[in-house]
Amino acid sequence: MLELLNRPAIEVAPLVLGAVVRVGEVAVRITEVEAYMGEEDPGSHAFRGPGKRNAVMYGPPGHLYTYFTYGMHTCANVVCMPEGIASAVLLRAGEVIEGQSVAAKRRVTSQKSADLAMGPARLVVALGIRLDDAGANLQTGRVRLELPESQSPFSAGPRTGVAGEGGTAEYPWRFWIPGEPSVSPYRAAVKRKRR
DNA sequence: GTCGAGATTATCT
DNA sequence: GATAATCTCGACC
């Protein structure tokens, strides 16, 4: 599996589609991801170089990169590329296929099954991933990644949710499985107004 | 369904 | 002190 992940994020991203992430009793089939290409990517946390937050992204592939954003939310990534090069695939959405009652209990809002893991922060909550799971090994740790045996069909398009300058959504680095109800219908990123 | 805006805090400057 | 790889709610179509 490590050989499959030891490549650029835009190549790894389609492979993760259809994969299953398992944490305890809850399992989610990934239906939407985004590629982050490290220091050459203006939308990536690694764009300004290594720091405490993105250190895991520079580490070896096959590990979990979590980060906190907007003061309330956590997002999860799969690290790819060899140690020393920052690159990761953001898990944006998925379908809860096991432990649905447990996942629903964590999500106080949106009890509908299609909404349980529709969005990066929701996915993390449904799975029970925490910020201190950062750096966990996805083959041996609490959070497991199971790649599919065959490549799922997928579509590619502009990234969403990246609020950086210069239109970082111009790169077609968002991948999803067509026809999945759990793929987020979210609008493109809007610049945040200050209060 | 789409659109606008506020919430809330770790991390970085 | 400013920023942010988001979510939720309310208003409108």
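Chain letters run A, B, ... following the sequence lines, proteins first and then strands; every chain starts at 1.
Considering only residues two or more places apart in sequence or on other chains, A/E180 meets the salt bridge (Lys or Arg N to Asp or Glu O under 4.0 Å) condition with A/R29. Qualifying ring pair (Phe, Tyr, Trp, His ring centres under 6.0 Å) partners for A/H73, counting only residues two or more places apart in sequence or in other chains: none. Not counting sequence neighbours, the partners of A/D133 by the side chain to side chain donor-acceptor pair (under 3.5 Å) test are A/R142. By the side chain to side chain donor-acceptor pair (under 3.5 Å) test, A/R53 is found to be paired with no residue, residues two or more places apart in sequence or in another chain being considered. Residues meeting the ring pair (Phe, Tyr, Trp, His ring centres under 6.0 Å) test with A/W173, sequence neighbours left out: A/Y171.
Spacing between atom NE2 of A/H73 and atom C1' of C/dA5 amounts to 12 Å, rounded to whole angstrom units. Between A/D115 atom CG and C/dT6 atom P there is a gap of 17 Å when expressed in whole angstrom units. Distance A/L90 CG to C/dA4 C1': 14 Å, rounded to the nearest Å. The OH-P distance, from A/Y70 to C/dT6, rounds to 6 Å in whole Å. Rounded to whole Å, the distance from CZ on A/R92 to C1' on C/dT6 is 9 Å.
In the region residues 7-24 of chain A, proximity to DNA chain C at under 4.0 angstrom, judged on heavy atoms, holds for none of the residues.
A stem is defined here as three or more consecutive Watson-Crick or G-U pairs, each with both distances under 3.5 Å; for DNA chain B these stems are B:1-7 with C:6-12, B:9-12 with C:1-4.
Pairs passing the salt bridge (charged side-chain N to carboxylate O under 4.0 Å, His left out) check and including a residue from residues 63-75 of chain A, sequence neighbours excluded, do not occur.
If you check every strand for non-hydrogen atoms under 4.0 Å, A/F47 touches nothing.
Proximity note for A/T69 (side chain, C-beta onward) versus C/dA4, C/dC7, B/dT8: the nearest is C/dA4.
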* To do: Please assess A/T66 against A/T74 for the test side chain to side chain donor-acceptor pair (under 3.5 Å), listing each intermediate value before the final yes or no.
  => CA-CA 7 Å; A/T66 58; A/T74 309; over 6 Å; no

* Starting from the C-alpha separation in whole Å, work towards a yes-or-no answer on side-chain contact (heavy atoms from CB on, under 4.5 Å) for A/V26 and A/R106. => CA-CA 11 Å; A/V26 181; A/R106 295 186 178 121; 3.6 Å; yes

Report, one pair per line, the protein and nucleotides 10-13 of chain B atoms (nitrogen or oxygen only) whose separation is under 3.5 Å.
| from | atom 1 | to | atom 2 | distance (Å) |
| --- | --- | --- | --- | --- |
| B/dC12 | OP1 | A/K52 | N | 3.3 |
| B/dC12 | OP1 | A/R53 | N | 3.1 |

What N/O pairs connect the protein and nucleotides 8-12 of chain C at under 3.5 Å? Give each pair on its own line.
| from | atom 1 | to | atom 2 | distance (Å) |
| --- | --- | --- | --- | --- |
| C/dT8 | OP1 | A/R107 | NH2 | 2.5 |
| C/dT8 | OP1 | A/T109 | OG1 | 2.7 |
| C/dT8 | OP2 | A/R122 | NE | 2.6 |
| C/dT8 | OP2 | A/R122 | NH2 | 2.4 |

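Separation of atoms CG (A/L116) and CG (A/L123) is listed at 10.5 Å; rounding is to 0.5 Å. Rounding to the nearest 0.5 angstrom, the gap separating the CZ atom in A/R7 from the CG atom in A/L2 is 12.5 Å.
At a threshold of 4.5 Å between side-chain heavy atoms, the hydrophobic network of Ile, Leu, Val, Met, Phe, Trp and Tyr places A/V125 and A/V21 in two separate groups.
Interface remark: the A/Y67 side chain does form a donor-acceptor pair with the C/dA5 base, using a distance-only criterion of under 3.5 Å.
With a 4.5 Å cut-off between side-chain heavy atoms of Ile, Leu, Val, Met, Phe, Trp and Tyr, the cluster of A/W176 takes in A/V183.
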Identify all side-chain donor-acceptor contacts of residues 75-93 of chain A below 3.5 Å with residues at least two apart in sequence or on another chain.
| from | atom 1 | to | atom 2 | distance (Å) |
| --- | --- | --- | --- | --- |
| A/N77 | ND2 | A/Y65 | O | 3.2 |
| A/S87 | OG | A/A9 | N | 3.4 |
| A/S87 | OG | A/Y36 | O | 3.3 |
| A/R92 | NE | A/E32 | OE2 | 3.4 |
| A/R92 | NH1 | A/E34 | OE2 | 3.2 |
| A/R92 | NH2 | A/T160 | OG1 | 3.4 |

